[in-house]
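All values reported here derive from a predicted model rather than from experimental measurement.
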Amino acid sequence: MSTGKRKRYWLMKSEPEDFSIDDLERVGTEPWTGVRNYQARNFMRDGMQLGDGVLFYHSNCAVPGVYGIAEVASSTYPDPTQFQRKSKYFDPKATPEEPRWMLIDVGFVRKLARPVTLEAIRGRSAALGEDFALIRKGSRLSVLPVTAAQWKILLAMEPK
DNA sequence: GCCAACGTTGGC
DNA sequence: GCCAACGTTGGC
């Protein structure tokens with residue numbers, strides 16, 4: 001439950017062919033539709049607070065890595081696509097009275113001059129620690145928490 | 001495009 | 001509740 005006021009940090013993955021940091025810059029704010037993993041949903045629903053920091057990560061591309069900074073730009077609300085019969089994210093078991101999938105809006109903050117690549121991140125795995133889900137073996141979470149210390153390390157890695 | 005790792009589904 | 005089958009993720 002999000003009771004505190006302290007800013008939290010997250011990493012959110014997106015396939016750039018689908019929605020990139022440039023797309024986010026263009027639209028400014030984007031509802032993060034389509035998450036259909038309970039763990040990722042729980043982070044959005046129970047953990048995120050307005051203003052939290054987000055590392056915008058490009059996955060499934062030539063050079064995976066963090067390409068920009070974003071922020072949590074709304075409180076949590078039901079993902080509208082779960083009710084849209086024609087959407088590929090339609091969930092027949094969800095109803096407006098009992099929505100299954102919750103999301104937040106992601107707001108653009110800035111692009112990194114150059115990405116902090118997955119390769120570079122792996123190179124700092126000792127400093128980042130075992131609990132960093134991005135580089136944990138087999139982890140495929142698309143929304144995951146980042147500690148303040150990890151956030152600091154990752155942004156300090158931004159190539160000038 | 002391949003495929004390992006993972007999550008979900010559904011029969012039993 | 002088990003677990004095989006299936007679909008998805010995401011690095012390479």
Atom pair distance, as rounded to whole Å: [atom1] in [X] and [atom2] in [N]:
X: A/Met12; N: C/dT9; atom1: CE; atom2: C1'; answer: 16 Å
X: A/Leu118; N: C/dG11; atom1: CG; atom2: P; answer: 6 Å
X: A/Ile135; N: C/dC12; atom1: CD1; atom2: P; answer: 12 Å
X: A/Tyr67; N: C/dG10; atom1: OH; atom2: P; answer: 15 Å
X: A/Leu144; N: C/dT9; atom1: CG; atom2: C1'; answer: 13 Å
X: A/Arg122; N: C/dG10; atom1: CZ; atom2: P; answer: 12 Å
X: A/Tyr57; N: C/dG10; atom1: OH; atom2: P; answer: 8 Å
X: A/Glu17; N: B/dG1; atom1: CD; atom2: P; answer: 12 Å

**OP:** Give A/Leu141 one of three labels, base, sugar-phosphate or nothing, depending on what nucleic acid heavy atoms sit under 4.0 Å from its own.
**Re:** sugar-phosphate
Original post:
Relative to the ring of A/Trp32, is the ring of A/Phe19 parallel (under 30°), tilted (30 to 60°) or perpendicular (over 60°)?
Top reply: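 Rings of A/Phe19 and A/Trp32: perpendicular, over 60°.
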Subject >> Check ion pair A/Glu25-A/Lys111 (N to O, under 4.0 angstrom) >> reply: yes
Listing time: all N or O pairs from protein to nucleotides 4-7 of chain B that are below 3.5 Å?
from, atom 1, to, atom 2, distance (Å)
B/dA5, N3, A/Arg140, NH1, 3.2
B/dC6, OP1, A/Lys137, O, 3.3
B/dC6, OP1, A/Lys137, NZ, 3.3
B/dC6, O2, A/Arg140, NH1, 2.9
B/dC6, O2, A/Arg140, NH2, 2.7

Subject >> Option from A/Arg41, A/Arg36, A/Arg100, A/Met102 for which side chain to side chain contact (heavy atoms under 4.5 Å, CB included) with A/Asp79 holds >> reply: A/Arg36
Original post:
Distance only, no hydrogens: is a donor on one side chain within 3.5 Å (strictly under) of an acceptor on the other, for A/Tyr77 and A/Asp105?
Top reply: yes
Original post:
Would you say the side chain of A/Val106 lies within less than 4.5 Å of the side chain of A/Met12, judging by non-hydrogen atoms?
Top reply: yes
Original post:
So do A/Phe43 and A/Trp10 actually touch side chain to side chain, heavy atoms under 4.5 Å?
Top reply: yes
